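Below is one structure, written out as structure tokens; comments come after it.
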Number of protein chains: 2
Amino acid sequence: MTASRRATRIQEKNRAAILDAALDVFSARGFGGATVDRIAAAAGLSKPNLLYYFGSKEAMHNALLEDLLDTWLDPLRALDPSGEPLEEILAYVHRKLQMSRDYPRESRLFANEIVQGAPRIHATLSRDLKALVDAKAAVIEGWIAAGRIAPIHPYHLIFSIWSLTQHYADFDVQVRAVLGDQDPFDSAPGFVDTLYRRLLTPN
Amino acid sequence: MTASRRATRIQEKNRAAILDAALDVFSARGFGGATVDRIAAAAGLSKPNLLYYFGSKEAMHNALLEDLLDTWLDPLRALDPSGEPLEEILAYVHRKLQMSRDYPRESRLFANEIVQGAPRIHATLSRDLKALVDAKAAVIEGWIAAGRIAPIHPYHLIFSIWSLTQHYADFDVQVRAVLGDQDPFDSAPGFVDTLYRRLLTPN
DNA sequence: CGTCGGTTTGACCAGTTGGTCAAATCATAC
DNA sequence: GTATGATTTGACCAACTGGTCAAACCGACG
């Protein structure tokens, strides 16, 4: 499919443009609601040209999901067992909230996939994701056992962080409809900080 | 379209079967990913027969969303300004959590619509939903001013309740992938109770 | 039992879908 | 400048899409 330097540059540019357009369309309409024509239009390329770079609509979707899963869990991976417990968790929450603000399309792509039953990433979830969460839940339970944060169900704690922070990306239109002019991301950081401090501060 | 008693009975049965099938398909695949053929198959009726009861695919979707919006916000409406603040809010949280367990398809239908930009209910959100939330946020602020619950941003409090409780329906497959065999709804009620008690108990 | 409205459907339609392919175009190494 | 492989596209296809329609079917009421 390639060899020369120039060709690689064209490929990289076009592949990037296609993936960006595909992210727009898939995140806004789901896999079934997206069409290759629409992605091609958004990318400024012809439909057969898209199919030249990615053999099928599903291949584009898979490429996006792979990229995404790689980076989406980085903030949780970064939770440091040797750090100060409350500050580690708060830092995680704030990182997740920033991702919702800076990468809402990625969050919605993920949400669409999960809401619709995760047909394409179910295996990855119950293998890689579960392993990561199991490990971090154990860390949290260690902190609880040591009395360094208040006792709480660690898995549900993580679910609550996911749901709340991703809510600002996935349900953005609803949040803004309720809030009116106010930018949710002005007030959200203070709220999540307060919430998890009150939840986790011992005693 | 109707008049006689028998006809009405047939109509009600078929309309209900169609809406149930449509809820299955729309909630699992989004509006764009759903097909009338699939809904017809799920309902055990022919495609032209569906179109006899509902003039178009969009009409089925609209019927579902109207039914849904009517009942979806009932728990929040039930928040009683004259009740005991913490117990009122906890009762709301538990009602929402029960709805996620008992009506996950409805939750996912709503999630699909919002994630994809709420093209069909945007006006309703910024009118009816906003009005309701504004009213209830004022109630909560009153409770805070009276020192009956701890100070917190009332809008984000409501967002957090929505996101956390609906997470168990919308992201059910992810939650179960992480939790393994364990039923999320065994442990979730205790968690949300603890969370909102710690967040809202004064001092 | 016949009729009459409500109900159901097979056949059909135009437009769209994901995907193919041969031919044309392009960039660059020689 | 030309040969060569990478890139691009117009034309095309079979399958599927939402929707239509005339004809058939059905049950109950007179």
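Here is the naming used below: chain letters follow the sequence lines, and residue numbers restart at 1 for every chain. From a predicted model like this one, the values you see are computed outputs, not experimental measurements.
A straight line from CZ of Phe54(B) to P of dT20(D) spans 16 Å, rounded to a whole angstrom. Rounding to whole angstrom units, CG of residue Asn49(B) and P of dA11(C) are separated by 17 Å. Note: CG (Leu50(A)) to C1' (dT9(D)) measures 12 Å, nearest angstrom. For the pair Lys13(A) NZ and dT8(D) C1', the computed distance is 12 Å after rounding to whole Å. Rounded to whole angstrom, the span from the CZ atom of Arg38(A) across to the C1' atom of dG18(C) amounts to 15 Å. Atom P of nucleotide dT8(C) and atom NZ of Lys47(B) are separated by 17 Å, given to the nearest angstrom. Counting to the nearest Å, the P atom of dT16(C) and the CZ atom of Arg29(A) are 14 Å from each other. For the pair Arg15(A) CZ and dT7(D) C1', the computed distance is 14 Å after rounding to whole Å.
With 3.5 Å as the limit, one finds no donor-acceptor pair spanning the side chains of Ser107(B) and Tyr168(B). Checked by atom type, the side-chain pair Asp134(A)/Tyr155(A) shows a donor-acceptor distance below 3.5 Å.
We find that Arg29(A) and Asp24(A) are not joined by a salt bridge, their nearest charged nitrogen and carboxylate oxygen being 4.0 Å or further apart.
When distances are taken from the side chain of Pro48(B) to each of dG10(C), dC21(C), dG18(D), the shortest belongs to dG10(C).
A close approach under 4.0 Å does occur between a side-chain nitrogen or oxygen of Gln11(A) and OP1 or OP2 of dT7(D). Checking the phosphate oxygens (OP1, OP2) of dT7(D), a side-chain nitrogen or oxygen of Tyr52(A) falls inside 4.0 Å. Remark: Asn14(A) is not in phosphate contact with dA6(D), judged by side-chain N or O atoms under 4.0 Å from OP1 or OP2.
Aromatic ring pairs are classed by plane angle as parallel below 30°, tilted from 30° to 60° and perpendicular above 60°; the pair Phe171(A) and Phe110(B) is tilted. Ring geometry for Phe159(B) against Trp162(B) counts as tilted: the plane angle lies between 30° and 60°, on a 0 to 90° scale.
In DNA chain C, consecutive stretches of 3 or more Watson-Crick or G-U wobble pairs with both distances under 3.5 Å are given as paired ranges: C:1-30 with D:1-30.
Residue Ala40(B) is classed as having no contact, given no heavy-atom separation below 4.0 Å to the nucleic acid. Within the nucleic acid shown, Ala34(B) comes within 4.0 Å of sugar-phosphate atoms alone, with no base atom in reach, counting heavy atoms only.
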(Q) As a quick check of understanding, evaluate side-chain contact (heavy atoms from CB on, under 4.5 Å) for Ile18(B) and Phe54(B), giving each step before the final call. (A) CA-CA 9 Å; Ile18(B) 292 167; Phe54(B) 295 88; 3.8 Å; yes
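Residues Asp37(A) and Leu51(A) both approach DNA chain C. Their nearest nucleotides, taken by heavy-atom distance, put Asp37(A) toward the 5′ side.
Checked by distance alone, Lys57(A) brings no side-chain donor or acceptor within 3.5 Å of a matching partner on the base of dG19(C).
Screening residues 36-60 of chain A for salt bridge (charged side-chain N to carboxylate O under 4.0 Å, His left out), with sequence neighbours left out, gives Asp37(A)-Lys47(A), Glu58(A)-Arg120(A).
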